[in-house]
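Right, one structure below, let's go through it.
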Protein chains: 4
Amino acid sequence: MCKTEGNGLVNGFSRGFATQTFETLLSDELDIPRRDIAEKVALVMSGGCEGVLSPYATIFTKEEMDREEASREKRLKIGVGCTRDLLPEEIGGMPQVVEVAKTVRAAMNEASIEDPADVHFVQVKCPLLTLERINDAVKRGKEVVVTDSLKSMAYSRGASALGVALALVEVEESKLGKDVICRDFDLYSNVASASAGIELLNCHVILMGNSRRSISRYVIGHSVMEDAIDVEGVKRAIKSVGVKFDCCPRKEASTRIVNVFAKTGPHPTGRIRGRRSTMLTDFDISSTRHARAAVGAVISSIVGDPMVYVSGGSEHQGPPDGGPVAVIMEVERR
Amino acid sequence: MCKTEGNGLVNGFSRGFATQTFETLLSDELDIPRRDIAEKVALVMSGGCEGVLSPYATIFTKEEMDREEASREKRLKIGVGCTRDLLPEEIGGMPQVVEVAKTVRAAMNEASIEDPADVHFVQVKCPLLTLERINDAVKRGKEVVVTDSLKSMAYSRGASALGVALALVEVEESKLGKDVICRDFDLYSNVASASAGIELLNCHVILMGNSRRSISRYVIGHSVMEDAIDVEGVKRAIKSVGVKFDCCPRKEASTRIVNVFAKTGPHPTGRIRGRRSTMLTDFDISSTRHARAAVGAVISSIVGDPMVYVSGGSEHQGPPDGGPVAVIMEVERR
Amino acid sequence: MCKTEGNGLVNGFSRGFATQTFETLLSDELDIPRRDIAEKVALVMSGGCEGVLSPYATIFTKEEMDREEASREKRLKIGVGCTRDLLPEEIGGMPQVVEVAKTVRAAMNEASIEDPADVHFVQVKCPLLTLERINDAVKRGKEVVVTDSLKSMAYSRGASALGVALALVEVEESKLGKDVICRDFDLYSNVASASAGIELLNCHVILMGNSRRSISRYVIGHSVMEDAIDVEGVKRAIKSVGVKFDCCPRKEASTRIVNVFAKTGPHPTGRIRGRRSTMLTDFDISSTRHARAAVGAVISSIVGDPMVYVSGGSEHQGPPDGGPVAVIMEVERR
Amino acid sequence: MCKTEGNGLVNGFSRGFATQTFETLLSDELDIPRRDIAEKVALVMSGGCEGVLSPYATIFTKEEMDREEASREKRLKIGVGCTRDLLPEEIGGMPQVVEVAKTVRAAMNEASIEDPADVHFVQVKCPLLTLERINDAVKRGKEVVVTDSLKSMAYSRGASALGVALALVEVEESKLGKDVICRDFDLYSNVASASAGIELLNCHVILMGNSRRSISRYVIGHSVMEDAIDVEGVKRAIKSVGVKFDCCPRKEASTRIVNVFAKTGPHPTGRIRGRRSTMLTDFDISSTRHARAAVGAVISSIVGDPMVYVSGGSEHQGPPDGGPVAVIMEVERR
């Protein structure tokens, strides 16, 4: 999972550049063809390092456990999976919700996590609609959810998040349907994080949770930020991994927080704590860039490190004004 | 003092627009010609509301004290003043430093403040070099400090800040000279805040401090942020006005904090806590916009309100990576 | 009619700034209250001077003819008018079309122009939907055409243009309806030019044509550019005012062309002469800014002067890929 | 030679992305290691497709002539070469001028071109100063020409262009020196085109000219545009390859023009034909983006195709306000 430079929007080429670079590197190192890398390694690129945010990569590696017995305490475990390729007319609609939910359930299974409460962050990398893909659908007489590439990113993220919510029983199936996607933002997942990219046609799922079937030195926890400056949400997330503190985590604690993952997006009304922001009416800097800059600075100010993962576009990811925030902590020093 | 929208740079027209609007309004209300407003009312416009920052105005009004006796405690008092018009070749150089220092001393006097330690924020609005002004100097055979309008904003802010530092004895006169301006950033003022604008040719000084010769309900204090995410600096500034708290100010305290003023700018190396930021290498969003977004979010997260004054470009204003932060608190409820 | 700086979008404040400046200037000069200026003088601000385009103003003045007889040849004549204030729910819909059409007919009458073929440029300044206006409609239980401020500019321009087309019998009334606005771009006016601005609630119409009831030294003509680089369209417009040339106008002719007015917008497919442009997928620079830069340079290269009026957003203004282009020529030297 | 998307500045990652993509593709096709591609194939990426400009690649291929005799007429011939890696302190200075000149002479030799008048376009891809490179020089006690990455691109392009001018005897050696680079713009080459990129440390030269020792179906010619809207300069360049026309080339001619290469940059005063442009004072869109948009549209309007190569930053490349423009024409149909 990388934070790359660029605007994080349709023409944010650094995501594709980083993907290609990692694929090439891994192809050389693992001695397998570049085109097979995506099957072996899930690469998630989130564009946009605004404010103090620093471009970086978080590398998750897997080790096989050779012992049968369970750990004493639940530890970080990751499950990955991919949906089938989506047709342009499926992107941003119910087929995407359903396919993502299926893949999330399979990833839980793979990670030996039974209780949805043990799932703390589900990153979904999902496709967007390009002019070519839209035209392809149109030629086949199909309708796409939206004909604007930028907006299609929102729909794709929204459908992915609702797929997570469905799999984790955060939202009832009966409440879902085409008409709620990117409309009824009271339906959301507290752990979903979706990023849309031009470089794929299916959805990649990286599910992070805690499981007894893990020998990792790390645990993960989460909370939600209620809005872009909800510093208490960040603190709740830090407490959720067992760090004890009254008001602010001490510096020693910060060194054991290895990463923070957060999603953010501007509130539909453009207001924060009742004050007008300029996010929605600024056409020189896109609203997600404003939001990432703010949330990135707030989280950095608590953990003392600007190398955190803040991704923009939080449709159905956390409450309407805010977003999920997850924390990974090292519980056992090497 | 206003935060206006726009990029806060040479073509950030909302500063001029707001100035004109206020001048027109005040001209109508006070029934004096528009061109005389600037002599009566100091208008400071700082452009750029990035991240969560909200456009707003802080209006300072003056009431004459009718009693001779001093207050029991020191309270907010403001002194204002203007330098003479600067020639293009003086902008960003020692003549500006000297003129600003003179005006700061006069403003202290006006505000009945004797001890420089009672001065907590000195806002200087200063001119920049336009192509027209540069050409004017060139025609007269004079040299300007820099021929790039954007850079001239930095030099003008830097010279203004060093003028404040000189007046408040933060920097010794012998250390000052043409060669240190925008070069030796170890020389700085902890209370200077300078904004450059196209709409003036002289420097306007608004000096804020505490004085016994005041019957204001407010007090002011300050500290510095060591870098863009130095939340402790913000807390120190809040404590400096007498708010008592261990770790974070309580919500009740926040409602009495009526404003926070801060300056910020990207660090010369582009690094924050040792991490690479993209501020200096991003040519889609200027570095001051990144910096304002970050500092604005950090301060807002502490005071619970995005209506704070964060201004970009902190040459010689606070330590190299950070900037001054001042807090005004209501000590007496109306 | 002014070209001002800025992005020409919702937060392009230079339009409002220029309007206020002109209103203040005219109020002082004419000695009438500022708020009454809009009734006396139609001010049209088009934001965005990309590429070589130069910020400038075209001032049209009116002189009363004291003789009864007609001119020998038709000369430039201008009619102006305003619709009533539009409700938020009317903006971008058929009520706007109908109101604009009514006002265009009245303006023709005022200008003593009977034949629609004598109308060569109809500038409409129209309102946009702000968050406040949208919320106002929603509170009253009304629906707006679109809830995105930027998109509302397109709908408002589109409805205005179709209003012009209706009045000038370029489109049959029976073909118009809510569903064609910003959808069926085969319906358009060849002389409409619409700009949306935040600073008004009604539509201002400035109609330019030729009439025998004019003693002006100028004539106006028009053509359309079929796409952004259709230099032949510009030449046809120049020929339409009587300039004679085979291939390109001679330099002498250029000095008599006092102004060129053009509208442009990116083609819905983002392609120009079959080549992919980046206009629609660039989220650092808006598509209208790209389009204005291109058309402005093409026109400037023909007339040898970058002080031309190119305005972005050409919904229903000229053919889908292109836009109207009008030329004013001085036929009688002073 | 490619036109890629992005801002064409320090953080225009599409140049590096395209380079990597081509290197990977060529590595696979030619079955040689990726790191050896740069020695076999000169890749020149120019970022920024503003206005109507279309992203595309021009591929030059080489065929060995098996016959000894010369062609009847001079035809397109290309010579390529690389300088040694430049030290950070050499970038933008006389060492770069001298190294480029040497490489240009070698490339002429390789292309069997003796007369400098037969050289029509010399593309130089040159390095820029990054923070890392600057710090490296500083550590070794060396001084760099400028400490601003963006400005270093200008110095590197300028030094490259003067290297071309030196080799082609357009500027006398005695007039050159550290102090004229990016200062005395009256010294320039009419055929140099330089692009700075982060992805290399040496200068790559691609020299294009006409030679009897060529069996190409193409010829090349050139002229200069005196400013951004100098359509006559474009026409002169087209005439220089033998296309006959009075005023504008006919459509049939356009189909045989296979490419146009041009350089452009804003004039130091920001004025075009005496009119103020906003290029130099716009801090939302960089000046080179404005300039490319304008020149790209002007050239496209003449050749009827937006797939032309317009590159920004024309220091010492053509006259101060303009830049070189070269045309490749197919003289023999396949």
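First the proteins, then the strands, lettered A, B, ... as listed; each starts at 1.
Nearest heavy-atom pair, B:Ala297 versus A:Ala294, reported as atom, atom and distance to 0.1 Å: CB-O, 3.3 Å. Nearest heavy-atom pair, B:Gly304 versus A:Arg273, reported as atom, atom and distance to 0.1 Å: CA-NH1, 3.5 Å. Heavy-atom minimum distance, B:His290 versus A:Gly51: ND1-N, 3.0 Å.
With a 4.5 angstrom heavy-atom cutoff, B:Glu5 touches chain A only via side-chain atoms. Only the side chain of B:Ala228 comes within contact range of chain A, with heavy atoms under 4.5 Å apart.
Heavy-atom pairs under 4.5 Å with chain B were tallied for A:Pro55, A:Pro266, A:Ser277, A:Gly6; the largest tally goes to A:Pro55. For the set B:Leu53, B:Asp305, B:Val231, B:Thr281, the count of heavy-atom pairs under 4.5 angstrom toward chain A peaks at B:Asp305. Counting heavy-atom pairs closer than 4.5 Å to chain A, the top residue among B:Val295, B:Asp227, B:Val52 is B:Val52.
Of the possible polar contacts, one joining the A:Ser54 side chain to the B:Arg276 backbone as a donor-acceptor pair under 3.5 Å is found. For the pair B:Thr278 (side chain) and A:Cys49 (backbone), a donor-acceptor distance under 3.5 Å is present. The main-chain N or O of A:Val298 is never found under 3.5 Å from a side-chain atom of B:Ser301 such that the two would form a donor-acceptor pair.
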Could you walk me through whether B:Lys235 and A:Cys248 pass side chain to side chain contact (heavy atoms under 4.5 Å, CB included), step by step? CA-CA 12 Å; B:Lys235 293 180 187 174; A:Cys248 296; 3.5 Å; yes
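Within a 6.0 Å sphere centred on CZ of A:Arg250, other residues, nucleotides and ligands contribute 12 heavy atoms or fewer.
With rounding to the nearest 0.5 Å, the separation of CG in B:Asn7 from CG in A:Asp282 is 9.5 Å. Within the model, atoms CD1 of B:Ile285 and CZ of A:Arg289 stand 3.5 Å from one another, a figure rounded to the nearest 0.5 Å.
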